[in-house]
Amino acid sequence: MKKAERNRISKRRALTMLKNADLLELGVEAEGIRKALHPEGIVTFIVDRNINYTNVCINKCRFCAFWRDKDAPDAYLLDEKTLFEKIEETIELGGTQILIQGGLHPSLDINYYVKLLSSIKKRFDINVHGFSPPEICYIADSADLTIRETLVILREAGLDSVPGGGAEILSDRVREILSPKKIKSSRWLTVMENAHRIGMRTTATMMFGSIESPEDIIEHLDSIRALQDRTGGFTAFIPWSFQPGNTELSRGLSQYTSVTAVDYLRVLALSRIYLDNFDNIQASWVTQGLKLAQVSLRFGANDFGSTMIEENVVASTGVSYRVSKEDIINAIRSSGFRPAQRDTYYNLIKRF
Ligand code: SF4
């Protein structure tokens with residue numbers, strides 16, 4: 001079944017499916033699409049490291065447990081030496097990418113980012129997947145540049161690809177409550193469109209399970225499907241669930257109940273069905289654990305994401321699954337799939 005042969009589903013049908021479809025029926029449909037796109041049964045993962053260069057952030061999103069004020073006792077900005085050591089260690093462990101992102105630090109300007117990127121590229125042969133759309137907009141605004149100009153400057157300095165962070169739910173009604181200071185949906189999409197137009201690949205993400213409605217989830221999926229139709233620049237879609245620990249939002253939600261395994265699988269499967277122009281859907285073992293990530297492989301996912309040599313943002317909510325590369329390989333294999341290490345662009349590097 002090629003992409004063109006599948007019937008694109010409408011927003012209305014997707015909403016009905018998200019709300020009412022039988023979970024296993026959704027799974028069977030998503031699994032069928034995954035199989036058609038990846039008939040060889042390979043499930044990929046990448047060896048990389050999350051480097052969060054600063055936890056200082058002026059946005060103070062209500063769902064985030066990671067940010068600190070600039071003068072907080074545990075506020076930090078990584079120095080070059082620490083950063084380089086982390087990259088060296090990543091390369092020694094077979095890593096091919098660093099995912100570098102952080103808060104919106106009021107003292108950093110575009111020169112900091114240009115210097116950071118060029119100093120990394122001067123020393124290391126590694127893909128720099130960095131700076132999610134809120135950071136790109138912050139850099140652009142403080143330098144009085146357009147988003148496109150900013151992306152071109154960062155790319156010339158060494159930025160290779162852009163992570164899809166900061167999307168949460170692409171509905172301004174939801175964003176107004178979750179993260180009123182953060183960029184609105186249209187700017188997130190504009191950053192991604194500009195990145196694609198200058199030849200950079202990016203991922204798309206969605207954080208669900210906070211205060212959004214099923215309609216908001218469909219709106220989000222529809223926005224990224226439409227952009228992918230225009231540019232084809234997304235490599236993958238990564239849905240994960242809100243982790244309430246240590247967040248202002250969870251303290252304000254008196255009756256909050258966490259996303260269940262069933263909710264997660266339902267959204268994952270529907271994403272695979274709705275996003276008919278995405279090749280890759282990632283399972284999120286970081287938020288769901290390895291066991292549910294294994295089940296995800298029968299609900300449309302074909303990628304296990306990163307080995308996460310380091311992870312700080314989800315860990316700051318109190319959720320921390322520690323797994324090794326071998327754990328990931330075993331988890332994939334014991335689910336009946338063939339594990340393979342990939343690069344940022346989903347090229348296979350090594351089969352296991
Ligand atoms: S989610 Fe990102 S932008 Fe929002 S407070 Fe946390 S670090 Fe800042």
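Between the side chains of D263 and S241, no donor N or O sits under 3.5 Å from an acceptor N or O. Between the side chains of D303 and N280, no donor-acceptor pair of N or O atoms lies under 3.5 Å. Judged purely by distance below 3.5 Å, without hydrogens or angles, the side chains of Y138 and N59 never pair a donor atom with an acceptor atom.
Here the CD1-OG1 distance, from I332 to T44, works out to 7.5 Å after rounding to the nearest 0.5 Å. One distance of note links CZ of R148 with CD1 of I153; it measures 12.0 Å at 0.5 Å rounding. If you take CD1 on I328 and CZ on R333, they are separated by 13.0 Å, rounding to the nearest 0.5 Å. To the nearest 0.5 Å, atoms OH (Y76) and OG1 (T54) are separated by 6.5 Å. Interatomic distance, CD of Q341 versus CD1 of I329, reported as 8.0 Å (0.5 Å rounding). The structure places CD1 of I120 at 6.5 Å from CZ of F84, a figure rounded to the nearest 0.5 Å.
When atom types are taken as modelled, the side chain of E135 and the backbone of S132 share a donor-acceptor pair closer than 3.5 angstrom. Put simply, the side chain of S335 never gets that close to the backbone of F337: no donor and acceptor are under 3.5 Å apart. Checked by atom type and distance alone, the side chain of T82 never pairs as donor or acceptor with a backbone atom of L78 at under 3.5 Å. In terms of modelled atom types and a separation under 3.5 Å, the side chain of R187 and the main chain of P133 share no donor-acceptor contact. One N or O on the side chain of Y264 and one on the backbone of S284 form a donor-acceptor pair closer than 3.5 Å. Looking at N52, its side chain does come within 3.5 Å of a backbone N or O of Q101 through a donor-acceptor pair. One N or O on the side chain of N55 and one on the backbone of D74 form a donor-acceptor pair closer than 3.5 Å. Between the side chain of W240 and the main chain of Q288, no donor-acceptor pair closer than 3.5 Å is present.
At least one test fails for R272 against the ring of F299: distance under 6.0 Å to the centre or angle within 45° of the axis.
Note on residues 93-121: pairs passing salt bridge (charged side-chain N to carboxylate O under 4.0 Å, His left out), not counting sequence neighbours, are E80-K115, K121-D160. Screening residues 192-206 for salt bridge (charged side-chain N to carboxylate O under 4.0 Å, His left out), with sequence neighbours left out, gives E193-R197, E193-R230. Residue pairs meeting the salt bridge (charged side-chain N to carboxylate O under 4.0 Å, His left out) criterion with at least one partner in residues 163-180, sequence neighbours excluded, are E168-K182, R173-D216, E176-K184. For residues 32-43, the pairs satisfying salt bridge (charged side-chain N to carboxylate O under 4.0 Å, His left out) are E31-R34, with sequence neighbours left out.
Within the 6.0 Å centre-distance limit, the rings of H196 and F234 are counted as a close aromatic pair. In this structure, Y53 has its ring center closer than 6.0 angstrom to the ring center of F131.
Using a 4.5 Å heavy-atom cutoff, the side chains of L292 and L265 are in contact. Inter-residue side-chain proximity for I46 and T96 is flagged as met; some heavy-atom pair is nearer than 4.5 Å.
Tested against R49 for a side chain to side chain contact (heavy atoms under 4.5 Å, CB included), the candidates I100, I91, T90 yield a single pass: T90. Under the side chain to side chain contact (heavy atoms under 4.5 Å, CB included) test applied with Q97, the options V128, D343, D48 reduce to a single match, D48.
For D71, the side-chain contact (heavy atoms from CB on, under 4.5 Å) test picks out D69, with sequence neighbours left out.
Residues V114 and V162 share a hydrophobic cluster, clusters being chains of Ile/Leu/Val/Met/Phe/Trp/Tyr side chains in contact below 4.5 Å.
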Donor-acceptor pairs are to be reported for all side-chain atoms of residues 12-19 against protein atoms at under 3.5 Å, with residues two or more places apart or in another chain.
residue : atom : partner : partner atom : Å
T16     : OG1  : R12     : O            : 3.0
K19     : NZ   : E215    : OE2          : 3.4

